[in-house]
Amino acid sequence: MNFLNDYVENFDKCTTYEEMRKYYKLKCPENFNYAYDIIDRYAAEAPEKRAIVWCNDKGEEKTFTFKQISEYTQKTANFLVAQGIKKGDTVLLVLRRRYEFWFFIYALNRIGAIAIPATYLLLQSDYEYRNKAADVKMIVTFEDERVYANIEGSLKSSPSVQKLVTVGSKREGWVSFHDEIEQYSSSFPRPTGDAATHNNDPMLIYFTSGTSGYPKMALHDFTYPLGHITTGKLWHGVIDDGLHLTLAETGWAKAGWGKIYGQWIAGTAQFIYDFDTFRATYILQMVEKYHITTFCAPPTVYRYLIRQDLSKFNLSSLVKCTTAGEPLNGEVYRKWLEQTGHKIFEGFGQSESSVIIGNFPGMEPRPGSMGKPAPGYDVEIVHPDGTRCAPHENGEVIIHVENGKPFGLLAGYYKNPEETEKAFAGGVYRTKDIAYYDEDGYLWFVGRNDDVIKTAGYRVSPFEVESILQQHPAVLECAVTGVPDKRRGNIVKATIVLTAGYEATTELEHDIQDYVQKNTASYKRPKVIEFVKELPKTTSGKIKRNTIRDEDAKKVSQ
């Protein structure tokens, strides 16, 4: 059972990519609300249908039906209202892969409050910025002393935060979710009047990195889940009553792609594996044990998986494998295909979107290619002057929105009308990603034009790392760039001009690296530091990061 025909016109006609481009069209009812229109409908029509299979690396396991998800999300909505949350309030969810994340995000959908998923890797300064930028009213997290300390340390400079909630054991100053949840009613009727939700109301915010400032807040409205029908059904290829695994932690937008919305509309259950440390063999064991049918992970993960003896694992349940986050190495593609019999279907998109470009049914994947434009997205590769590029000419990926935005594309940048206007200037959305297309229309990723570094599936803003580096007394000037790396796609590099009186030593290099790691998330720590006498600059004094990248790329290729 699924609801595809209710939200996709001509779905039965879409068996090839050409037919999808011609016929596929998403449709949205008035005042669509995922919690009521999808979850509660399943609960009424197929209450015992499997929704979530959750386990962790400590041996715990839980399975939830749609009836149970409906009841728990309504209980959680009543709990949140009792804590003072109302329509329009912002709630930060730092829950890694805990099953309670699903209770909270859909409960916030019911209320009309705004969910802000965040990674547990954030440090105090990261919370301080997010709390202020989004006027966060409540923070919900799990039992982890490091996370607790960083959140509690941020409160002095976060006046908007009124409540802290933990899904762990009791803690002073925190509301214990599990101690209270069962006292609340499992009925939370659909709000009406001023409390009702509407399609263009704010629903979800993802903080997304940029190089011209701190992370921006990509805002999605209540139609956003419908855009992920394309992601879940056409790209991930989920099947009715199957079991889908996307590895992403819930703090990243990739979880929105693969763990929250589109998969359920298409009728598949979600498999959630909550682990402390990534181990390739454990992932393969999960696929075998639970009969995972569709699997999505970044190329970095596939690189670890192909190093295992895959003949030891029964992966016959798999029907489709996908990847996104960075370009897929052709050798990884070939080795996975040789050992499993499965092709890897690449996709491309952003925190601001659902899948924009992908390898869809009826297409033959070309290793390293993002694929072709997703149905519903009018994509073009253009020169800086807006003219269309010819095949093999590099240009910016843009999306035409003159006749309206496609479902899944951001509503705008929260509390930033100037940035929103800039992103949609001229009737197009500018992705700031550079690519080219070949003679057959396949698109190939080249890089970012705003310097964001993609490393092992993470996105790192040079501005954030540079801001921290410049607080170290030895750092006079610095530039943060990415260096090509076979395992991670890129690694973070800091090119540093030292303050007078300091000498370039291994000890100083390690001290600077430790300083960064103590002041921001660990994945932002520069793995390479180069001390130089001066940085390459334009005549106006701007640092030429592209010069540094070009020189490093030459060294790597030699």
Side-chain angles (χ1 to χ4, degrees), residues 31-39 73-74 76-95 100-119 122 126-141 151 154 158-165 188 190-191 194-208 214-228 250-253 255-257 259-261 350-354 405 407-417 419-420:
N31 301 335
F32 175 77
N33 186 305
Y34 188 90
Y36 294 101
D37 296 319
I38 301 300
I39 295 173
T73 57
Q74 293 185 74
T76 305
N78 282 310
F79 164 82
L80 288 168
V81 169
Q83 303 302 321
I85 298 301
K86 61 184 184 303
K87 181 182 177 181
D89 286 341
T90 49
V91 178
L92 196 69
L93 301 178
V94 190
L95 288 166
E100 294 92 344
F101 172 83
W102 284 260
F103 297 175
F104 276 95
I105 196 165
Y106 301 130
L108 294 169
N109 290 171
R110 293 183 185 280
I111 297 167
I114 306 169
I116 308 176
T119 175
L122 298 179
D126 299 310
Y127 288 111
E128 290 172 346
Y129 170 68
R130 284 157 175 75
N131 293 341
K132 291 177 183 176
D135 290 324
V136 171
K137 188 171 182 178
M138 173 188 284
I139 302 175
V140 184
T141 195
I151 292 174
S154 74
S158 304
S160 64
V161 178
Q162 298 177 15
K163 285 289 178 71
L164 302 176
V165 176
F188 190 89
R190 192 171 193 143
D194 292 341
T197 63
H198 306 282
N199 286 347
N200 60 354
D201 284 342
M203 183 192 76
L204 181 69
I205 290 172
Y206 283 116
F207 277 80
T208 181
Y214 285 101
K216 299 189 294 289
M217 295 177 282
L219 176 66
H220 294 286
D221 61 27
F222 276 80
T223 68
Y224 173 68
L226 297 177
H228 282 304
T250 59
W252 304 103
W257 282 42
K259 300 173 97 79
I260 306 175
Y261 294 118
Q350 302 178 322
S351 302
E352 289 91 339
S353 72
S354 54
K405 293 197 293 284
F407 290 114
L409 192 59
L410 80 163
Y413 291 105
Y414 190 57
K415 295 188 175 182
N416 197 337
E419 198 66 38
T420 300

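Keep in mind that this is a model prediction, so the values were computed, not measured. All values below come from the heavy atoms of this structure, side chains included, with hydrogens, waters and symmetry mates left out. Index from 1, following the sequence.
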Do you know which two heavy atoms are closest between [X] and [Y], and how far apart they sit?
{"X": "N31", "Y": "D37", "value": "O-OD2, 4.0 Å"}
{"X": "S160", "Y": "D135", "value": "OG-C, 3.4 Å"}
{"X": "K87", "Y": "A196", "value": "NZ-O, 2.6 Å"}
{"X": "I139", "Y": "V94", "value": "CG2-CG2, 4.4 Å"}
{"X": "A77", "Y": "A107", "value": "N-CB, 3.5 Å"}

Taking the inter-plane angle between the rings of H228 and W257 on a 0 to 90° scale, is it parallel (under 30°), tilted (30 to 60°) or perpendicular (over 60°)?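 The arrangement is tilted - the two ring planes meet at 30° to 60°.
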I want to check something: taking the side chain as every heavy atom from C-beta on, are [X] and [Y] in contact at a cut-off of under 4.5 Å?
{"X": "T250", "Y": "P117", "result": "no"}
{"X": "S154", "Y": "N131", "result": "yes"}
{"X": "V136", "Y": "Y127", "result": "no"}
{"X": "T73", "Y": "R110", "result": "yes"}
{"X": "F188", "Y": "I111", "result": "yes"}
{"X": "D126", "Y": "F207", "result": "no"}

Are the side chain of [X] and the backbone N or O of [Y] linked by a donor-acceptor pair below 3.5 Å?
{"X": "T208", "Y": "K216", "answer": "no"}
{"X": "T420", "Y": "Y413", "answer": "yes"}
{"X": "N33", "Y": "N109", "answer": "yes"}
{"X": "Y206", "Y": "H220", "answer": "no"}
{"X": "K137", "Y": "G84", "answer": "yes"}
{"X": "N199", "Y": "F32", "answer": "yes"}
{"X": "T90", "Y": "A134", "answer": "yes"}

Value rounded to 0.5 Å, distance of [atom1] in [X] from [atom2] in [Y]:
{"X": "L95", "Y": "T141", "atom1": "CG", "atom2": "OG1", "value": "6.0 Å"}
{"X": "Y106", "Y": "I260", "atom1": "OH", "atom2": "CD1", "value": "6.0 Å"}
{"X": "Y224", "Y": "S353", "atom1": "OH", "atom2": "OG", "value": "7.5 Å"}
{"X": "Q162", "Y": "Q83", "atom1": "CD", "atom2": "CD", "value": "11.0 Å"}

Derivation and outcome, side-chain contact (heavy atoms from CB on, under 4.5 Å), residues D221 and M203: CA-CA 5 Å; D221 61 27; M203 183 192 76; 5.6 Å; no
Go through the steps to decide whether L80 and M138 satisfy the test side-chain contact (heavy atoms from CB on, under 4.5 Å), and finish with yes or no. CA-CA 9 Å; L80 288 168; M138 173 188 284; 3.5 Å; yes
Checking ring pair (Phe, Tyr, Trp, His ring centres under 6.0 Å) between Y261 and each of F222, Y34, F407, W102, which is the one that passes?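 Only one of F222, Y34, F407, W102 forms a ring pair (Phe, Tyr, Trp, His ring centres under 6.0 Å) with Y261, namely Y34.
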Walk me through whether D194 and K86 qualify under salt bridge (charged side-chain N to carboxylate O under 4.0 Å, His left out). CA-CA 11 Å; D194 292 341; K86 61 184 184 303; over 6 Å; no
List the steps and the verdict of side-chain contact (heavy atoms from CB on, under 4.5 Å) for L93 and L108. CA-CA 11 Å; L93 301 178; L108 294 169; 4.1 Å; yes
Could you walk me through whether Q74 and I39 pass side-chain contact (heavy atoms from CB on, under 4.5 Å), step by step? CA-CA 11 Å; Q74 293 185 74; I39 295 173; over 6 Å; no
